[in-house]
Amino acid sequence: MEIANDGPAPLARRDPVATAPVRVLVADDQALIRTGFATIIDAQPDLEIVGECGDGRAAVDLARRLAPDMVVMDVRMPVLDGIEATRLLAGADVEDPVKVLVVTTFNLDEYVYEALRAGASGFLLKDAPPAQLLHGIRTVASGAALLAPEVTRQLVGRYAARIRPADGAPGGTALTPRELEVLRHIADGLSNSEIAAALVISHETVKTYVSRILTKLDLRDRVQAVVYAYRNGLVT
């Protein structure tokens with residue numbers, strides 16, 4: 001199901017318009033939310049809704065058929081939940097993974113952690129304002145991860161006690177002491193600017209460290225870096 005671009009006027013934004021629209025699939029079992037998301041997204045000149053569905057199985061089938069640039073995925077859906085759908089579309093064993101942005105509510109935060117482990121590139125709360133939803137879509141579509149610092153602290157921090165470190169010696173041994181320090185700050189939910197201020201280094205230097213960390217540990221984005229840090233006992 002595709003929504004025509006005749007909805008409300010585009011929302012004000014600062015993000016540059018992409019050369020080609022980002023093709024988005026929306027999966028949510030609540031029709032009102034699904035339609036609302038689709039209307040907001042399709043009203044943007046750099047975004048395009050290519051499909052909508054109400055369950056995880058349909059999301060997987062549509063994503064494989066339509067090849068969207070990214071999927072906005074609810075967590076709790078019938079037939080196949082958003083976590084399993086995310087794993088099938090963006091998991092470690094997927095040859096051509098699709099970017100997934102998970103949307104949820106605070107009372108589902110433990111499910112979001114599992115979705116991030118399944119391969120999602122970020123998450124948003126369902127009550128986020130439209131501008132934040134659009135920013136999140138553009139951020140994930142650009143290849144970056146969306147981890148709102150304040151939400152990350154509550155989400156990962158709250159469940160840190162049940163995240164078991166991997167067997168064997170602590171991970172991260174390929175990293176330098178400074179890279180480990182940056183990784184711990186990432187896991188604490190700090191943005192690049194906050195890390196730069198904490199370590200008294202430039203923003204560009206932080207970006208360089210983050211890039212090195214992801215490369216050395218063979219991680220896709222900051223979301224995986226957070227999960228890696230907790231799984232390997234690098235933060236407590």
Side-chain angles (χ1 to χ4, degrees), residues 1-13 15 18 20-91 94 97-116 118-142 145-148 151 155 223:
M1 177 180 180
E2 191 168 340
I3 304 297
N5 238 344
D6 58 358
L11 299 175
R13 56 181 178 77
D15 305 82
V22 174
R23 303 172 72 252
V24 183
L25 171 67
V26 176
D28 195 300
D29 66 332
Q30 298 182 55
L32 185 61
I33 291 177
R34 185 172 69 245
T35 301
F37 282 175
T39 301
I40 292 168
I41 294 167
D42 218 22
Q44 304 302 299
D46 59 334
L47 304 176
E48 176 187 7
I49 290 293
V50 296
E52 302 173 34
C53 58
D55 67 76
R57 173 50 61 188
V60 173
D61 293 342
L62 277 177
R64 289 173 174 170
R65 178 164 61 87
L66 301 174
D69 295 309
M70 67 170 300
V71 179
V72 176
M73 183 87 73
D74 186 19
V75 174
R76 279 192 168 175
M77 292 187 290
V79 185
L80 186 72
D81 65 41
I83 296 172
E84 289 304 316
T86 296
R87 184 172 290 112
L88 291 173
L89 293 175
V94 178
V98 178
K99 296 180 179 70
V100 177
L101 174 64
V102 170
V103 290
T104 187
T105 56
F106 267 127
N107 64 342
L108 293 179
D109 52 5
E110 90 173 277
Y111 294 98
V112 177
Y113 170 73
E114 296 300 333
L116 298 181
S121 292
F123 64 89
L124 280 176
L125 302 179
K126 281 191 176 181
D127 61 358
Q132 190 173 344
L133 170 66
L134 297 172
H135 173 71
I137 290 171
R138 294 182 178 112
T139 297
V140 171
S142 72
L146 183 71
L147 276 175
V151 180
L155 172 66
V223 173

Return the CD1 to CG distance between Ile83 and Asp74, rounded to the nearest 0.5 Å.
10.5 Å
Rounded distance [0.5 Å steps], CG in Leu124 versus CG in Leu101:
5.0 Å
Any side-chain heavy atom of Leu25 sitting closer than 4.5 Å to one from Val98?
no
Nearest heavy-atom pair of Asp29 and Pro78: which atoms, and what distance?
CB-CD, 3.6 Å
Looking only at heavy atoms, which two atoms of Asp28 and Arg34 are closest? And how far apart?
O-NH1, 2.5 Å
Rounded to the nearest 0.5 Å, how far apart are CD1 of Ile137 and CE of Met70?
5.5 Å
Where is the tightest heavy-atom contact between Ala120 and Thr86, given as atom of each residue plus distance?
N-CG2, 3.5 Å
So which heavy atom on Pro45 is nearest to which on Pro21, and how close?
O-CG, 4.2 Å
Point-to-point distance, once rounded to the nearest 0.5 Å, from CG of Asp127 to CD of Gln132
8.5 Å
Could you list all the side chain to side chain donor-acceptor pair (under 3.5 Å) pairs where at least one residue sits in residues 56-69, not counting sequence neighbours?
none
Rounded to the nearest 0.5 Å, what separates atom CZ in Arg23 from atom CG in Leu47?
12.5 Å
Do you know which two heavy atoms are closest between Pro68 and Val50, and how far apart they sit?
CB-CG2, 3.9 Å
Heavy-atom pair with the smallest gap, counting every atom of Ala58 and Cys53:
CB-CB, 3.7 Å
Residues which pass side-chain contact (heavy atoms from CB on, under 4.5 Å) with Val94, listed by chain and number, not counting sequence neighbours:
Pro97
Answer whether the closest heavy-atom distance between the side chains of Val24 and Phe37 falls below 4.5 Å.
no
Counting C-beta onward and ignoring hydrogens, is there a side-chain heavy-atom pair between Val22 and Gln44 closer than 4.5 Å?
no
Please determine whether side-chain contact (heavy atoms from CB on, under 4.5 Å) holds for the pair Leu80 and Leu88, giving the CA-CA distance in whole Å, both sets of side-chain angles, and the decisive distance to 0.1 Å.
CA-CA 11 Å; Leu80 186 72; Leu88 291 173; 3.8 Å; yes
Would you mind reporting whether Val75 and Asp81 have side-chain heavy atoms less than 4.5 Å apart?
no
